[in-house]
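Below is one structure, written out as C-alpha cells, with a few remarks after it.
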Amino acid sequence: MSMFGKLADRLLEKMAPAAEVDAACIFLRKVTTQVGWCAGGSMGDRIPRYRYTYIYDNCADRVTYSCSA
C-alpha cells in the first residue's frame, strides 16, 4: 500500500466515528448571543465576545465562543 493510502486509512479511522455522529444530527439553527468582551486589548478597542449555540433536532446543542476567556 502506498504512503498516501496508509495516510488516508489513518485519517478515515479518526474521522469516521465523528462523521457518523454528525450525519445523524439534523441542524436546525444557529443562535448568536453577545456575552461580554474578549480578554486582552485596550479599553478603546474592546472586542465583543459571542456565544454561538448550534441547535439540532435529535442531538444535544453545541456551544462555542468567539474568543477564549
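No experiment lies behind these values; they were computed from the predicted model shown.
Distance alone, capped at 3.5 Å, places no donor-acceptor pair between the R49 side chain and the V35 backbone. Not one N or O on the side chain of D57 forms a donor-acceptor pair closer than 3.5 Å with the backbone of L28.
Inter-residue side-chain proximity for Y65 and R51 is flagged as met; some heavy-atom pair is nearer than 4.5 Å. You'll find the side chain of V31 reaches within 4.5 Å of the side chain of I55, heavy atoms only.
If you take CG on D61 and CZ on R29, they are separated by 8.5 Å, rounding to the nearest 0.5 Å. Rounding to the nearest 0.5 Å places CD1 of I47 at 10.0 Å from CH2 of W37.
The two atoms that bring T32 and Y50 nearest to each other are CG2-CD2, 3.8 Å, heavy atoms only. Minimum interatomic distance between S66 and P48 (heavy atoms only, all atoms of both residues): OG-O, 3.9 Å.
Taking the six-membered ring where the residue is Trp, Y56 and F27 present perpendicular rings, their angle passing 60° and hence far from 30°.
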